[in-house]
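Read through the structure below, which is laid out as structure tokens, and then see the notes.
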2 protein chains.
Amino acid sequence: MIPEYNERANFIEETGMIFERLGVTRMAGRILGYLMVSDKEHVSFDELTQVLQASKSSISTNLKALVNVEFVKPHTLPGDRKTYYMLSPDIDWRGYIIRRFENIRTMNDHFKKGLSLRVNPKDQVSKWLSGTVEFYDWLLKEYPGFMDQWQEEKKM
Amino acid sequence: MIPEYNERANFIEETGMIFERLGVTRMAGRILGYLMVSDKEHVSFDELTQVLQASKSSISTNLKALVNVEFVKPHTLPGDRKTYYMLSPDIDWRGYIIRRFENIRTMNDHFKKGLSLRVNPKDQVSKWLSGTVEFYDWLLKEYPGFMDQWQEEKKM
DNA sequence: TATTTTGTTCGGCAAACACAGAACCTGAAA
DNA sequence: TTTCAGGTTCTGTGTTTGCCGAACAAAATA
């Protein structure tokens, strides 16, 4: 049973909304959405402008951004001047998680700095800060090992 | 050695920038920054407007938002009409991490939906999608147990 | 009752940003 | 050497958003 046109269209728009909420542009999300539900292995620039009904400039800009963060991979063919695009087959969602943990590292380092600026290292706020730092230090130390378990389990 | 005025001022601005990048307003970040380095246990509304040189409206709005997400806790004193504010002593950073994982759940559910819309469940994109879903399913199942180890280790 | 304190809320402005359209570029083909 | 295909970059515009100031509570005080 072939999915309805509207189901796909909805999916694309939803992808737009989801990624927009994550701080990416709506259009970039739509591109990803289309790449996910298109049954072609790779899609041309022109097809994107048409199916998403967007301007070339918007597609161009967002596509470049997606290629930059390696979510999308350009694909070329001999004797064809066009560039085609596909979901990067090696998007590393594990790496994506790791990058998010790095945000936490930034935050944790900042907390340490805050702690160092406090006069009384034993008052309520200081205690709170050091408790937080303690937890994050633990988390940042342990999470790579935790994530490695995935590889282990897959081998079995 | 008492920290320089400027070190604290810098810290506050940096906190603003960090939280802004996380999608919170700069002003909310500054409030948190000040609460972290102020040596008072709790801080009045008025003090915030003065030290951050911001309007009452901005402080009011951002403070309410921070109280709403339970990063900041209001504190009142008998015989005092003012409300004081402090870092919520039980900000749950573990819970914060968990909430971020919920974003991943949304994404993962969306990927499953995308997968269901594909005609050929064995082509490249489908494989990529199912690989991703597999990893995220694993992650979402296992991470609470992983995080619980923190409680265990602390008990020892 | 009038005034002050302690905020909240509303209207508006300025900056940021996503997108569109058009001008522009580059390399192949005619 | 023009023309065209395939994009990219620049400029303008509508929308969103953070912040401010001013108007507006509400409750204590005078």
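Letters A, B, ... mirror the listed sequences (proteins, then strands); counts begin at 1. Scope of the values below: all heavy atoms of this structure, side chains included, with no hydrogens, waters or symmetry mates.
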Any side-chain heavy-atom pair of I104(A) and F101(A) under 4.5 Å
yes
To the nearest Å, how far apart are L52(A) CG and dC19(C) C1'?
13 Å
Using the test side chain to side chain contact (heavy atoms under 4.5 Å, CB included), find all partners of T61(B) that sit at least two apart in sequence or belong to another chain.
none
Just to verify, what does Q50(B) make a side chain to side chain donor-acceptor pair (under 3.5 Å) with, not counting sequence neighbours?
D46(B)
So W150(B) and W138(A), would you call those rings parallel, tilted or perpendicular, with 30° and 60° as cut-offs?
tilted
Short N/O separations, protein against nucleotides 22-30 of chain C, under 3.5 angstrom:
unit_1, atom_1, unit_2, atom_2, d
dG27(C), N2, R81(A), NH1, 3.4

Mind running a 4.0 Å heavy-atom check of residues 58-77 of chain A against DNA chain D and sending the residues that fall below it, in number order?
S60(A), K64(A)
Between N103(A) and T106(A), do the side chains contain an N or O donor and an N or O acceptor separated by less than 3.5 Å?
no
How would you list all residue pairs meeting salt bridge (Lys or Arg N to Asp or Glu O under 4.0 Å) that involve residues 49-59 of chain B, not counting sequence neighbours?
none
With a 4.0 Å cut-off, would you call R8(B) and D39(B) a salt bridge?
yes
Going by chain and number, the hydrophobic cluster around M86(B) (ILVMFWY, side chain to side chain under 4.5 Å) further includes none
What is the 5' to 3' range of DNA chain D, first to last nucleotide, that sits under 4.0 Å from any heavy atom of chain B?
dG18(D) to dA28(D)
Qualifying salt bridge (Lys or Arg N to Asp or Glu O under 4.0 Å) pairs with a residue from residues 101-112 of chain A, counting only residues at least two apart or across chains:
E102(A)-R105(A), K112(A)-D137(A)
With sequence neighbours left out, write down each residue that passes side chain to side chain contact (heavy atoms under 4.5 Å, CB included) with E14(B), or none if nothing qualifies.
H110(A), K113(A), N10(B)
Near DNA chain C, counting only heavy atoms under 4.0 Å, which residues of residues 11-36 of chain B show up?
none
Contact list for residues 36-59 of chain B, test ring-ring contact (aromatic ring centres under 6.0 Å, His included), sequence neighbours left out:
H42(B)-H75(B), H42(B)-Y84(B)
Using a 4.0 Å heavy-atom cut-off across all strands, classify T83(A) as base, sugar-phosphate, or nothing.
sugar-phosphate
How would you list all residue pairs meeting salt bridge (Lys or Arg N to Asp or Glu O under 4.0 Å) that involve residues 74-89 of chain A, not counting sequence neighbours?
none
Are L63(B) and Y85(B) close enough that some pair of their side-chain heavy atoms sits under 4.5 Å apart?
yes
